[in-house]
2 protein chains.
Amino acid sequence: MTAHGEGVRDDGPRDADETAAQPRPAEGITVPEPQDRARSIPEAAVARLAVYLRVLSGLAEQEVHTVSSEELASAAGVNSAKLRKDLSYIGSYGTRGVGYEVAVLIGQIERTLGLTQQHRVAVIGIGNLGHALANYGGFPNRGFPVAALFDLDPDLMGVPVGGIPVDHVDDIPRVCAERDITIGAIATPAKGAQDVCDRLVQAGVRCVLNFAPVVLQVPEEVEVRKVDLAVEMQILSFHVARRSQEPQESGDPGDGVDGTPQSKTRDVNAGADPVDGMVVRS
Amino acid sequence: MTAHGEGVRDDGPRDADETAAQPRPAEGITVPEPQDRARSIPEAAVARLAVYLRVLSGLAEQEVHTVSSEELASAAGVNSAKLRKDLSYIGSYGTRGVGYEVAVLIGQIERTLGLTQQHRVAVIGIGNLGHALANYGGFPNRGFPVAALFDLDPDLMGVPVGGIPVDHVDDIPRVCAERDITIGAIATPAKGAQDVCDRLVQAGVRCVLNFAPVVLQVPEEVEVRKVDLAVEMQILSFHVARRSQEPQESGDPGDGVDGTPQSKTRDVNAGADPVDGMVVRS
DNA sequence: ACCTGTGAAGGACTTCACAGCG
DNA sequence: CGCTGTGAAGTCCTTCACAGGT
């Protein structure tokens with residue numbers, strides 16, 4: 001999403017449609033619209049599929065071959081009904097009374113998310129974050145290899161970061177075409193972000209991950225997802241403020257549920273994993 | 001979001017409720033539930049308020065004193081009806097026929113988001129991302145100062161990063177208490193994340209920003225927001241795949257809208273800004 | 001005239017709950 | 001008997017459209 005999330009999300013709470021004038025369906029009875037040619041998977045479900053995929057990869061590595069909706073759901077942090085519905089959007093690959101075969105699900109989710117095609121990423125803005133991204137090298141499973149780096153700083157030109165030499169932003173069109181870049185990650189300060197984005201679009205890049213605190217204007221065929229740390233922190237801030245404002249909830253009678261467990265199901269995610277974060281040093 | 005573009009999309013897809021058993025209202029007519037004591041602002045609206053705040057700060061700097069819902073909305077990438085509804089959740093601070101006073105709105109949004117209280121942030125995991133976060137110093141307006149850094153690596157102990165010396169993760173409880181930390185940003189590899197999170201919770205931190213590719217298990221009084229780059233990229237991937245699968249939409253008759261403008265309203269966001277991204281070098 | 005604030009309609013996503021298959 | 005897959009109900013969010021100030 002992000003979303004959404006940017007959920008988004010988130011993000012999230014996360015969608016960018018604003019530019020296009022919408023069709024406005026004809027009057028009268030609300031017709032189903034013959035527009036759903038392919039399976040239309042809810043945006044929110046797509047984001048979760050990516051999460052399930054990560055969890056499933058962890059399971060595969062632990063040689064787990066079968067998993068129930070309940071298990072998978074709790075490891076992914078959702079409830080099982082939601083998980084089953086999400087999976088139902090991509091087809092019926094479970095076995096009633098048993099569960100899902102891990103390998104099969106992985107394959108189907110990868111296919112749905114378009115991970116059979118490899119996406120090559122360009123990072124623009126080689127500051128602290130740019131470095132982090134450039135070194136992010138191996139993503140969970142099928143990688144999103146970083147294949148180009150750009151900056152304005154003359155001192156950086158040609159300097160290799162994470163094994164890739166930095167090019168000048170003016171070369172974005174040429175280099176992106178040569179290296180078949182499909183995703184651009186904008187990690188510049190706010191000021192230069194729209195300009196960089198325009199160049200990426202010009203170069204034919206149709207997916208942008210924006211870390212700059214700016215709302216990018218793009219033609220509608222381009223998909224932008226935004227990651228904004230300040231926004232995330234402000235949302236956290238809101239929730240704390242809200243909680244301290246709303247002191248003690250008078251004990252709800254008739255439901256003595258509490259003694260919240262601190263950590264359950266802490267195995268699946270924490271297992272032996274090559275699923276390294278984006279951090280390099282421990 | 002995830003959401004794509006803005007909300008993430010995100011995200012959107014970002015919430016962590018699973019543990020608690022819900023009350024199940026009594027049978028019969030669905031009662032409104034007397035549960036909405038304080039103004040309950042939709043989660044989705046909160047995320048956008050943070051975005052409006054950033055745009056408004058930019059306007060304030062440009063000495064703009066008044067703004068209409070239409071202007072503010074387009075700068076924030078949402079439609080004006082949504083913006084007005086969002087603002088209505090925090091009260092009526094506009095003037096009909098005129099618009100909103102920038103300074104007033106900023107104040108009200110800050111109050112709503114709890115930004116009157118300052119939040120001190122601890123970063124755990126001083127790798128590439130950790131460095132980026134530590135140097136992120138000044139957030140848009142009211143800062144979220146980074147006040148503590150932690151890692152496992154003995155070589156890093158005491159080394160200052162962004163002006164703050166690194167402490168050992170074993171000291172999280174003590175240091176967090178001493179420095180009154182309210183937000184923890186987990187930038188460790190997946191393996192150590194849950195452990196670090198448990199220590200933060202133990203230290204009384206109730207807000208966590210999680211960058212590790214793991215679903216953290218926390219007691220319900222703790223709020224977790226997750227930022228997962230791999231997930232964001234996979235969502236982008238899904239949208240590209242989908243578009244190339246669904247070739248040409250046969251020209252929709254009766255609606256010749258197109259010629260999408262590449263960039264409109266590119267001023268507000270790009271203005272002279274101290275709103276530096278998290279990148280240090282240009 | 002213009003723009004805000006908001007009820008009401010509409011749409012999207014979530015949860016329930018159970019039929020149906022292994 | 002357990003677990004998946006899914007209509008139906010419910011909840012949350014968005015968009016419409018207009019009443020009501022200025």
Side-chain angles (χ1 to χ4, degrees), chain A residues 1 3-4 7-15 17-18 21-25 27 29-33 35-36 40-48 66-73 78-101 104-105, chain B residues 1-3 6-7 9-15 17-18 21-25 27 29-33 35-36 40-48 66-73 78-101 104-105:
Chain A
M1 33 34 18
H4 91 206
V8 92
R9 330 331 283 265
D10 131 198
D11 237 183
R14 310 156 156 182
D15 256 75
D17 281 64
E18 209 43 54
Q22 68 227 95
R24 225 25 184 89
E27 287 187 353
I29 313 96
T30 320
V31 194
E33 287 283 314
Q35 176 205 150
D36 44 329
S40 74
I41 304 175
E43 185 65 25
V46 173
R48 287 188 300 265
T66 295
V67 68
S68 72
S69 63
E70 202 69 61
E71 293 166 330
L72 185 49
V78 301
N79 75 30
S80 63
K82 196 188 284 182
L83 177 132
R84 287 199 303 276
K85 179 132 291 202
D86 287 346
L87 293 183
S88 80
Y89 293 124
I90 68 175
S92 299
Y93 301 105
T95 309
R96 290 166 194 240
V98 180
Y100 302 90
E101 226 188 296
V104 173
L105 259 195
Chain B
M1 162 225 290
T2 237
E6 189 61 50
R9 78 138 25 164
D10 184 94
D11 94 356
R14 308 157 153 183
D15 257 75
D17 281 63
E18 208 44 53
Q22 69 228 93
R24 224 27 182 88
E27 285 187 355
I29 312 93
T30 320
V31 194
E33 287 282 314
Q35 176 203 151
D36 44 329
S40 73
I41 303 176
E43 185 66 25
V46 173
R48 286 188 302 263
T66 296
V67 68
S68 71
S69 64
E70 202 70 59
E71 294 166 329
L72 186 48
V78 302
N79 76 29
S80 63
K82 196 188 284 183
L83 178 131
R84 288 200 302 278
K85 179 131 293 201
D86 287 348
L87 293 183
S88 81
Y89 292 125
I90 68 174
S92 299
Y93 301 106
T95 309
R96 289 165 196 241
V98 180
Y100 301 89
E101 227 188 296
V104 174
L105 259 195

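Below, chain A is the first sequence line, B the second, and so on; all start at residue 1.
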Check the distance between [N]'s [atom2] and [X]'s [atom1] and give it to me in whole angstrom.
X	N	atom1	atom2	answer
B:Arg84	C:dC2	CZ	C1'	12 Å
A:Leu87	D:dT4	CG	C1'	10 Å
A:Lys82	C:dA12	NZ	P	18 Å
A:Glu101	D:dT4	CD	P	14 Å
A:Leu83	D:dG5	CG	C1'	12 Å
B:Ile90	C:dT4	CD1	P	14 Å
B:Glu43	D:dT14	CD	C1'	16 Å
A:Lys85	D:dG7	NZ	P	7 Å

**Q.** Position toward the 5' end of DNA chain C (nearest nucleotide), A:Asp86 or B:Glu70
**A.** B:Glu70
Q | Straight-line distance of A:Asp86 CG to A:Ser69 OG, nearest 0.5 Å | A | 11.5 Å
Q. What distance do B:Leu87 atom CG and B:Lys82 atom NZ have between them, rounded to the nearest 0.5 Å?
A. 13.0 Å
Distance test, side-chain N/O of [X] to OP1/OP2 of [N], below 4.0 Å:
X	N	answer
B:Arg48	D:dT14	yes
A:Ser69	D:dT4	yes
B:Tyr93	C:dC3	no
B:Tyr89	D:dT14	no
A:Asn79	C:dT15	yes

(Q) Starting the side chain at C-beta, find the nucleotide from D:dG5, C:dT6, D:dT15 nearest to B:Ser88. (A) C:dT6
Q) Does any N or O donor sit under 3.5 Å from an N or O acceptor when you compare the side chain of B:Arg96 with the base of D:dT22? A) no
Contact between [X] and [Y] at the side-chain level, heavy atoms closer than 4.5 Å - yes or no?
X	Y	answer
B:Thr95	B:Thr66	no
A:Arg84	A:Tyr100	yes
B:Leu105	B:Leu72	yes

Q | Most 5' of A:Val98 and A:Ala81 on DNA chain D, judged by nearest nucleotide | A | A:Val98
